[in-house]
Amino acid sequence: MTALLYVLGALAALLLAAWAMRLAGRALSGNHPRFRDMGFGEAFGWVFAAAALVFAVWLYGREGAVFFRWAVQGFVIFALAAWLFRLAGRHIGTGGSRKLFRAMPLTASFGVLVVLIYAILAIFAGFIAPYGQAEILGAANVVPGGDPALGGNPAYPLGTDQIGRDILSRLIYGAQNTVGIAFATTCLAFVLGGSMGFLAATIGGWLDQLLSRAVDVLMAIPALIFALLLMTIASVWSARLGVPLTLFMVLIIALIDSTRVFRLARAVAGNIVVMDYIEAAKLRGEGLGYLIFREILPNALAPLLAEFGLRFCFVFLTIASLSFLGVGIQPPLADWGTMVRDLAQFINYAAFAPQAAAAPLLAAGAIALLTVAVNFIVDWMLHRSSGLKE
Amino acid sequence: MGSVTRIVVQRLLLGILTLLVVSIVIFTAVNLLPGDFAQAVLGQGATEEAIRSIRRDLGLDQNIVLRYLDWLGGVVRGDLGVSFAQMNFQSNMGGGEMKTVAAQIAPRFGNTMFLAGVTAMIAVPLSITLGVLAALYRNSAFDKGANLFTLSSISSPEFFLAYVLILFLAVIYPVLPSLSNIYEGMGFGERLEKTLLPALTLTLVVTAHMMRMTRAAIIQLLSSPYIEMARLKGISPMRVIVRHALPNALAPIINVIALNLAYLITGVVVVEVVFVYPGIGQLFVDAVKIRDIPVVQAACLIFAGAYILLNLTADIMSILSNPRLRHPK
Amino acid sequence: MSDKSHRSLLLRVEDLQLEGRSDETWTPIVKGVSFDLHKGEVLGLIGESGAGKSTVGLAAMGFTRDGVRISGGSVLFDGTDLVTASADTKRQLLGKRIAYVAQSAAASFNPAHKIIDQHTEAPVRHGVSGRKESEEDAMELYARLRLPNPEEIGFRYPHQVSGGQLQRAMTAMAMSCRPDLIIFDEPTTALDVTTQIEVLAAIRKIVEDFDTAAIYITHDLAVVAQMADRIKVLLRGEEVEEAETRRMLSDPQEEYTRSLWAVRSFKRPAKPAPALDAVPVISVQGVTAAYGKMDILHGVSFDIHAGRTVAVVGESGSGKSTTARCITGLLPPRLGQIEFEGTPLPGSFRGRSKDQLRQIQMIYQMADTALNPRKTIGQIIGRPVEFYGGLRGRARRARVEELLAQIELEPSQYIDRLPSELSGGQKQRIGIARALAAEPRFIICDEVTSALDQLVAEGILKLLADLQDELGLSYMFITHDLATVRSIADEVVVMKDGEVVEQGSKDDMFTPPHHPYTDLLLSSVPEMDPDWLSELLKERGLENIGDAASDRM
Amino acid sequence: MTNMSRRGLLRTGAAASVLAATGLPLRAQGKRGGRLRVGMNGANTSDSWDARTHSDIFMISAAQGAVFDNLTEIAPDGSLRGELAESWEASEDAKTWTFTLRRGVTFHNGKSFGADDVIESLQLHVAEDSKSAAKPIVAAITEMKKLGEHQVQFTLNAGNADFPYLMSDYHLLIYPAGQLDEALSKGIGTGLYRAEAFEPGVRFVGKRVDSHYKDGNFGWFDEIEYIAINDGTARMNALMTGQVDAINRIDFKTEALLKANPNVRILEVTGNQHYTFPMLTDVSPFDQVHVRKALKYGINRQEMVDKILLGHGQVGNDTPIGPANQYYNADMEQLAYDPDKAKFHLKQAGIDRLNIDLSASNAAFNGAIDAAQLYQASAGAGGIEINLVQEPADGYWSNVWLKKPFCAAYWSGRATEDWMFSSAYEAGVPWNDSHWDDARFQELLIAARAELDSDTRRGQYYEMQEILRDRGGVIVPMFANFVGALSTKVGTPETVGNLWQMDNARMAERWWMN
């Protein structure tokens with residue numbers, strides 16, 4: 001109750017401050033258009049932002065706000081890195097790439113930077129990681145943080161897992177496995193959903209009806225739950241056929257995800273097939289393959305690519321969730337979702353051992369960072385493509 | 001109005017058909033699951049004899065098609081059947097009152113709806129307000145900040161968000177309980193308090209999507225001639241957005257809200273696990289674990305039903321929000 | 001139309017400069033435009049697309065679209081500089097003292113609200129009058145503008161009202177606060193000729209009735225001639241000249257203006273009639289076709305002979321394009337058939353042989369949607385060359401270059417460009433080249449010039465005429481523009497509601513007596529005479545023009 | 001008479017309170033009051049008060065630990081004492097057992113407890129078509145006779161000295177006769193806590209009954225609440241944030257950190273639960289003793305305890321008899337990892353290199369795959385090539401265990417040696433997962449079962465353990481500890497039961513708030 005009063009009081013103070021700020025601004029700047037045309041909402045926004053900034057600075061200085069400090073430091077470092085990266089991009093490279101970097105917002109350059117780093121980690125995991133992903137070292141269960149007082153070991157900065165594998169190495173290999181598998185899954189989903197969607201839009205009629213209704217059915221079953229169900233079934237087949245369960249996971253998630261791709265591909269292609277150049281190609285007597293691959297696909301590529309980024313994130317998160325629930329990527333492959341689940345215990349000790357709590361946050365953060373990065377790039381791409389249309 | 005009714009009836013029939021196919025798919029899938037209820041429930045104690053006896057009692061030894069038709073017949077009469085666990089229990093006892101699947105699911109579903117409701121109460125107004133503001137002040141610091149924040153939250157795995165919220169709001173600054181073990185007979189206030197943390201987690205998950213859709217839908221409209229017309233009539237920017245843009249942006253916004261509500265009802269297993277929330281997702285996972293087909297079937301039917309119903313509602317509301325369809329020429 | 005320049009000054013635009021953003025940089029789009037507008041005066045702003053006339057019109061309201069900014073000059077409205085005025089001040093003027101009528105009323109009315117609600121919004125918001133009063137005023141305005149059911153029409157939603165009526169309702173809406181100035185931004189461009197005339201009459205009447213000053217923006221000279229007291233010509237953001245209407249029409253000073261005036265002079269001599277026993281290239285025989293269950297065409301028949309151009313005219317919805325779809329085989333006719341050089345063609349294009357497909361080509365109205373934006377010009381033209389002619393590699397390229405030369409585009413410069421890097425006229429030429437690449441006997445031209453500026457359109461028409469002479473092609477020319485018909489056609493087919501109303505040689509068609517519908521069409525085309533509209537109204541009366549007349553037939 | 005069930009004759013027994021009455025003071029350590037909140041896993045939405053289906057800690061704690069009573073109970077030190085039985089006596093051949101029941105006990109619904117209740121409750125398991133998990137335990141009962149309102153006589157088909165122990169099994173709860181339906185659906189027993197609220201798979205709330213025969217000795221809390229928290233992290237979090245007072249099964253990884261928290265303490269005991277690798281001794285090559293011995297020497301038990309249990313356990317000696325058992329042979333020589341001996345025995349068997357499949361899944365026990373991988377690595381040095389076959393977790397117990405010749409498995413252990421051996425090592429019993437049929441072993445098993453002299457019995461069981469170590473078909477590399485954690489607010493007795501987690505699931509009875 002008192003908390004509510006505090007909040008209301010703070011709000012009233014902010015409203016007052018906003019009003020005063022605008023008034024003062026007008027008086028001091030001689031009614032400059034900046035203040036003259038400022039709405040009250042905008043003034044409130046500025047005051048609110050200023051208050052938030054002050055609060056952040058205060059919190060930053062406070063002892064115990066370790067995580068907040070880390071978050072701020074991380075944010076600043078990433079922003080700086082992205083800025084430097086963009087700066088470098090503007091001066092190095094071909095004319096085209098330099099032009100690209102000049103038009104790039106900071107968020108997008110951050111995204112590109114992160115994706116590049118992940119790609120390097122994923123491709124060269126074997127060289128970068130200090131130990132192998134399945135290598136069982138002497139000490140099991142070393143606590144992260146490298147602090148011997150709490151059971152850590154500086155040789156394993158992030159500790160080791162229950163049977164003594166280096167968590168840092170597994171985190172690096174996770175880039176290879178988790179990202180690689182998610183990428184493969186998304187590609188498969190696109191091949192499947194995209195081709196079906198194009199076919200449905202181009203041919204139409206009963207095929208369109210059939211596919212659309214089938215997709216309706218699949219979409220009516222909650223994705224995660226359906227995946228769980230199918231994964232359980234697949235566990236038998238994988239044992240019987242001697243095929244890794246991970247392969248089934250790729251197939252299952254691709255199938256479930258392809259329904260979403262199907263809808264988009266069908267809608268996009270639907271907008272394209274009504275174009276006169278498709279009519280012209282049809283009247284020329286072109287075959288279905290030419291229509292789809294030569295006429296429709298190049299034009300559907302931009303929205304599909306944007307969707308690819310988003311879908312990749314979703315697949316990535318779905319795999320992480322499945323791993324979290326214990327049916328995702330199977331050991332001994334290192335995978336971030338499983339790591340979060342295994343390390344999640346440490347979060348409980350955040351109050352007095354923040355370094356230890358950082359381990360699961362790092363694995364989860366690795367997932368979040370990549371999806372944020374991809375989303376930023378997608379956002380920028382969408383913005384660019386819509387900007388070009390205007 | 002006649003055409004609207006016709007569309008609704010058409011969609012409804014299509015929805016029922018979809019439900020039917022969904023139930024067949026699920027029934028097949030569940031029956032393909034390795035092991036069955038008898039094996040699962042007996043675990044290490046599964047002897048041939050015991051398994052056979054349970055299978056016989058539950059009718060698991062019957063033809064799969066017959067079993068499906070039997071189940072379907074029940075559903076059509078509004079009878080979702082009795083869970084295997086209950087039936088097994090009863091066959092041990094020999095008679096007596098049986099708790100039906102519906103009675104078993106109802107309280108769990110109620111909990112799920114409560115969580116979804118609380119989340120929606122927070123997330124929907126929040127995301128629409130944020131979306132409208134972001135559209136109004138587009139490309140400003142506010143817009144970019146909101147974009148950054150929501151993108152980051154949508155990009156994180158749910159359990160990560162959940163753990164982070166627990167870390168901050170329950171461990172470091174203990175203001176909310178991390179355990180959402182709500183139960184029947186709990187006061188509304190307490191129930192709300194316990195539900196708040198999972199609801200906040202889900203809010204973070206769904207807000208981004210809705211906010212971005214609201215923003216995009218409104219911005220797309222902002223370049224349309226009638227918005228320019230309204231501005232050229234000297235209407236204030238807020239009124240332009242609320243009165244001229246929002247009504248036309250309703251269809252996509254309603255759709256994305258429906259989609260997210262469906263997600264809240266059907267897809268929150270992970271959050272339920274982390275917060276120990278007794279929702280229908282946990283029940284479902286438990287039921288799959290012990291191969292309790294009637295419960296799995298009923299839960300799936302509810303999930304699919306919720307999805308279809310919400311989509312249908314969204315369709316109808318889109319129709320109602322569109323004067324072209326509401327008032328045909 | 002008396003001289004109003006002695007009346008008090010309402011709006012003074014001085015050295016107005018505007019910039020637009022492209023590729024993250026600002027480039028000038030209007031480079032210094034000045035004009036004065038007095039109370040009750042109508043100024044016509046004309047120019048081709050890209051001249052900046054709409055931008056100037058909006059800037060005269062102190063308004064710029066996203067991605068455009070005022071970089072210099074002033075807009076003095078009744079003593080207030082709209083360039084530097086605060087947002088509040090401008091909001092007070094807009095809608096109340098300065099109103100706007102947009103090009104497309106269908107798009108400019110909010111589909112979510114009733115017309116009357118949108119009408120009353122400005123007066124209520126600006127405190128000019130109450131809602132009730134405003135509603136009554138609206139009905140009165142509707143009545144003045146000769147809208148049917150003025151008591152009731154306002155309570156409909158925009159989509160329930162036809163385009164011409166909406167345009168008039170928007171004019172009424174602009175009048176709702178009795179503004180001092182109205183900006184008309186191409187208000188009739190999107191309308192059929194018969195509808196346009198009605199709207200023009202309504203606008204002129206109301207502007208005169210309330211003695212409102214107006215800026216009338218258009219690309220159509222004949223239209224502006226009816227409406228404006230003075231005319232100002234713009235070219236690529238720069239002023240060309242400005243003069244009183246009659247003087248401007250009779251004695252243009254600048255060469256650009258003169259070339260604009262001369263556009264309509266292109267005219268081909270009519271060809272001699274074909275021999276009676278000649279086999280037509282295309283013969284449409286009693287075609288009845290339907291979308292779903294509704295018949296769209298009713299027993300359409302006409303012939304197109306070798307080397308001749310048949311113009312099919314009619315308003316939107318008359319079945320012109322559907323006839324074209326029947327010929328190409330996209331819509332198999334329900335009854336009747338299409339013969340090519342005496343041989344019946346299969347109804348659907350799917351049943352036709354490659355050679356049959358090759359013989360009938362099509363050029364589309366919107367070059368933007370007719371050319372695949374992801375393919376280079378070389379690929380677009382090269383595909384039919386390869387597909388029908390079987391040419392590959394160097395031979396194919398040589399043929400593409402030959403075709404490009406034929407449509408008067410420098411091959412080396414254009415062959416690797418994308419459609420988005422071309423102007424509208426150039427794109428249309430690529431469309432022609434693609435049709436030619438198939439080496440057909442017969443080409444359907446579907447409104448090929450209606451999206452183009454007049455000078456460019458003339459170039460296309462000349463090119464088509466030359467190609468016809470050179471290659472002996474037959475054209476079916478679908479258009480609603482009678483000027484185009486006059487310049488290029490040998491024969492004319494007039495269609496209305498899916499039926500052929502009249503057909504014959506061009507000369508017959510343009511000489512009375514006509515079928516009443518043809519007459520209505522012909523009489524609705526504005527002429528370059530400032531008095532044309534007044535005389536037409538005097539001659540026929542309001543009842544016998546526009547939709548009212550059309551509906552009666 | 002002290003420690004009577006540990007030594008001497010096993011013919012009679014009595015309830016603890018009787019002992020108290022005879023002058024042996026039982027320390028009353030706790031104090032009344034407070035509410036105990038426990039977070040536990042193992043709850044399921046299909047849970048009910050039907051003890052025949054109980055198998056996991058949540059329902060056992062709620063049913064046996066709070067709401068219901070058995071005839072007998074096993075004390076924290078492993079001794080047997082009466083619960084609803086006041087005393088018992090066996091015939092010479094241990095075939096007939098007479099139980100005298102406690103007087104003045106009432107069920108939560110007011111019905112008074114008597115012989116009928118015992119007979120009817122046990123009938124649930126004995127009945128011909130019963131699907132009870134406890135059926136093997138009570139199958140030996142041929143007759144149940146009511147001798148008086150408070151006396152029951154059981155006749156067995158063969159002598160069994162452990163019969164009173166068997167009566168402490170968590171399946172064999174006593175329900176009110178004639179009201180079984182009600183009791184099973186609402187949870188009506190004679191326990192210290194009345195079932196106040198029960199949502200399957202969610203929670204259980206019990207309220208202390210006003211007066212109870214255990215008053216003064218047990219049952220300190222006014223109220224108990226068991227909350228189902230299946231997620232380990234959430235469970236730990238609930239404890240750390242003070243939302244529960246105790247949790248079961250903590251993750252060993254965080255032990256070091258947990259110890260740094262002054263408000264929490266760890267409760268750890270070594271019990272009988274053991275992880276095994278059974279091989280079918282009638283299938284080649286496991287039918288050769290030398291092959292079995294080679295496999296026994298090829299496993300590094302200490303490494304497994306260190307890595308799989310993170311030190312929270314004890315190395316096994318290939319017998320299922322653990323530290324919680326009475327006749328556990330602690331002095332028996334320990335089998336050690338010795339690749340050379342493994343090679344030697346292989347040679348004895350005439351095999352140069354042994355190639356075998358080992359089926360495993362984490363459904364067998366947590367970390368089974370890891371354990372199998374460790375085994376694979378250590379056995380390789382002894383010339384044994386183990387091919388690890390990862391089996392699906394679902395249906396593991398139905399399709400792999402008892403079917404594949406060499407696999408991973410788990411046993412929770414049994415309170416008595418005979419119970420354990422007759423479950424899994426007696427020739428012909430369904431769960432004999434090594435198809436074990438050793439003549440001497442079987443002879444000893446039958447003899448010891450009816451042996452009422454405890455010294456003789458000890459000798460017999462020690463010999464059986466040696467036989468299993470030397471020739472047995474089951475590799476038992478380790479015994480796992482039960483590890484829970486509690487808030488320092490909760491008090492526990494010095495000796496904590498080691499048969500099961502959480503003080504033998506009886507924390508509601510035995511613990512208190514400080």
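The chains referred to below are lettered A, B, ... by the order of the sequence lines, with proteins before strands, and numbering in each begins at 1. Just so it is clear, the values below take in all heavy atoms, side chains as well, and ignore hydrogens, waters and symmetry mates. All of these numbers come straight from a predicted model, not from anything done at the bench.
Nearest heavy atoms, Tyr364(C) versus Ala280(A): OH-N, 3.5 Å.
By the 6.0 Å contact criterion, CZ on Phe349(C) is enclosed, its count of non-hydrogen atoms from other residues, nucleotides or ligands being greater than 12. Surrounding OH of Tyr290(A) are more than 12 heavy atoms belonging to other residues, nucleotides or ligands, all under 6.0 Å away. Phe75(A) CZ: 12 or fewer foreign heavy atoms inside a 6.0 Å radius. Enclosure of atom CZ in Phe44(A) by more than 12 non-hydrogen atoms of other residues, nucleotides or ligands within 6.0 angstrom is indicated. Within 6.0 Å of CZ on Arg125(C) lie no more than 12 heavy atoms contributed by other residues, nucleotides or ligands. The number of heavy-atom neighbours closer than 6.0 Å to CZ of Arg69(C), taken from other residues, nucleotides and ligands shown, is above 12.
Only the side chain of Arg434(C) comes within contact range of chain A, judged by heavy atoms closer than 4.5 Å. Looking at Ala367(C), there are no atoms closer than 4.5 Å to chain A (heavy atoms on both sides), in backbone or side chain. Contacts between Ser353(C) and chain A at a heavy-atom distance below 4.5 Å are absent for every atom of the residue. Residue Arg91(C): no heavy atom, backbone or side chain, is found under 4.5 Å from chain A.
With contacts defined as side-chain heavy-atom distances shorter than 4.5 Å, the pair Tyr277(A)/Leu371(C) does not qualify. When side chains are defined from C-beta on, Glu286(A) counts as touching Arg383(C), because their heavy atoms get closer than 4.5 Å. When side chains are defined from C-beta on, Arg294(A) does not count as touching Gln379(C), because their heavy atoms never get closer than 4.5 Å. Contact annotation: the side chain of Lys354(C) never approaches that of Arg284(A) to less than 4.5 Å [non-hydrogen atoms, C-beta and beyond].
Note: Asp276(A) leads Asp276(A), Ile278(A), Leu283(A), Asn299(A) in heavy-atom pairs under 4.5 Å with chain C. Chain A forms the most heavy-atom pairs under 4.5 Å with one residue out of Ile360(C), Leu330(C), Thr328(C), Ile380(C), and that residue is Leu330(C).
Going from atom CG of Asp368(C) over to atom CE of Met275(A) covers 9.0 Å, rounded to the nearest 0.5 Å. Atom-to-atom distance recorded for Thr369(C):OG1 and Glu279(A):CD is 9.0 Å, nearest 0.5 angstrom.
A salt bridge is defined here as a Lys NZ or Arg NE, NH1 or NH2 lying under 4.0 Å from an Asp or Glu carboxylate O, and Arg374(C) with Glu295(A) fails to meet this definition.
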